[in-house]
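Whatever order the structure lists ligands and atoms in, that order sets their numbers, starting from 1.
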Amino acid sequence: MKKFFGMAHGQQASLYVLENDTLSMAVTDYGATLVSLVDKKTGIDVVQGYESAEEYVAQDVYTGATIGRTANRIEKGEFSLNGTIYHLPINNNGNCNHGGISGFNDKMYSAREYGDRVEFNRISLDGEEGYPGNLWLTVTYKLLKNGVEVQADAHCDKDTLFSFTNHSYFNLDQSENVLDHEVRLMSHRFALSDANGLALPVFKEVADTPFDFRSFKKLGRDIGQDDEQLRFGKGYDHYFAVDGEGMRLMAQCQGKQLCLFVYSDLPGFHLYTGNWLRGLSGKHGMRYPAYSAVCFEASYMPNAINYPDIEPKPILRKDTSVSCRIKWILQAK
Ligand code: BGC
């Protein structure tokens, strides 16, 4: 079902609502964004979002959006590819975050609705936000019996960077705080960040640190510890590497009634506890203050392009195609 969702940058945005017996999902063509995911049995909407495209344009926290061309930060907005230095706009403490000032989250897509999925398409032109090549992007949200699978397919007519993620903010209780959510991460090492939130090419074992979520632990249990890494980010805002390849479990999260499983075929994920949320008003009359949601942003390691020893790098070669997936499964606890 398609509905008018308001105006974004002078264009009409639409909301697409797909339902099955267990779930209802809404996505919009502004930012190829997940707007809601409701568990029908409990009535809980597990993601933050807004009521109109105008509200999405006005917020700057990437709620539910498709992120690109590169997720998270590129140091000083600079990278070199095939001997050419490219410059990206600086929008975050001297670095380029989430694809620039007007990244994939801020664009209109053309949409096609099928029975169980919505496909968003867009061409990102050569030079957009400083990145080389015309890039054809398709982002597909597929409603599963017990979850959602989002798939990004891209190809480009020049060598370029492509590091996709989805920036959904989860709160499995539809409450104002996720610090009581119990989380398990399938990762034993995380990347240290600098004081500006830039992931460094230095991985640390999680054992004996507040970053150890190898067994279920409340997000809030150690978040207030006197730890430099937690102070830098005001909480968790760090990249975790996940061993193995292909679609695999990355994270599990439990609220009072629901349990979320996050799968992806990307190399790891960024755990972000909404530390910089400022209390914006969202749908269902909710406010979104700091720590009101958690993001599991499956992606390549941030800034990998600038770190000689970090692999894999999110380089998309000319005239080749790449495809990656993130899957969220919801279950009763
Ligand atoms: C970043 C945070 C940032 C948030 C919203 C996360 O992926 O790591 O530092 O505040 O996105 O931009």
Show which atoms of ligand 1 fall inside a sub-4.0 Å distance from at least one heavy-atom site of Asp237. 1 (C), 2 (C), 8 (O), 9 (O)
Starting from atom 4 (C) of ligand 1, which protein heavy atom do you reach first, and at what distance in Å? Tyr272 CE2, 3.5 Å
Is the ring pair Phe203/Tyr239 parallel, tilted or perpendicular, if the boundaries are 30 and 60 degrees? perpendicular
Should you measure from each heavy atom of Trp276, which atoms of ligand 1 turn up under 4.0 Å away? 10 (O)
Using 4.0 Å as the upper bound for N to carboxylate O, is an ion pair formed by Arg122 and Glu128? yes
So the atoms of ligand 1 within less than 4.0 Å of a heavy atom of Asn97 turn out to be 12 (O)
Quick check on contacts: which atoms of ligand 1 are under 4.0 angstrom from a heavy atom of Tyr62? 5 (C), 12 (O)
With a cut-off of 4.0 Å, which atoms of ligand 1 are near a heavy atom of Arg73? 1 (C), 2 (C), 8 (O), 9 (O)
Among protein heavy atoms, which sits nearest to atom 7 (O) of ligand 1, and what does the distance come to when rounded to 0.1 Å? Glu297 OE1, 2.6 Å
Which residue in the set Lys2, Met25, Lys3 passes side chain to side chain contact (heavy atoms under 4.5 Å, CB included) when paired with Val17? Lys3
How does Asn72 reach ligand 1, by side chain, by backbone, by both or by neither, if only non-hydrogen atoms under 4.0 Å count? side chain
Whether Tyr169 and Tyr272 hold their rings parallel, tilted or perpendicular, with breakpoints at 30° and 60°: perpendicular
Got Cys96 and Phe79 here, is their nearest side-chain heavy-atom distance under 4.5 Å? no
Here the atoms of ligand 1 under 4.0 Å from any heavy atom belonging to His270 are 8 (O)
Using 4.0 Å as the upper bound for N to carboxylate O, is an ion pair formed by Arg325 and Glu149? yes
Name the one of Phe213, Tyr291, Phe190, Phe269 that satisfies ring pair (Phe, Tyr, Trp, His ring centres under 6.0 Å) with Tyr236? Phe213
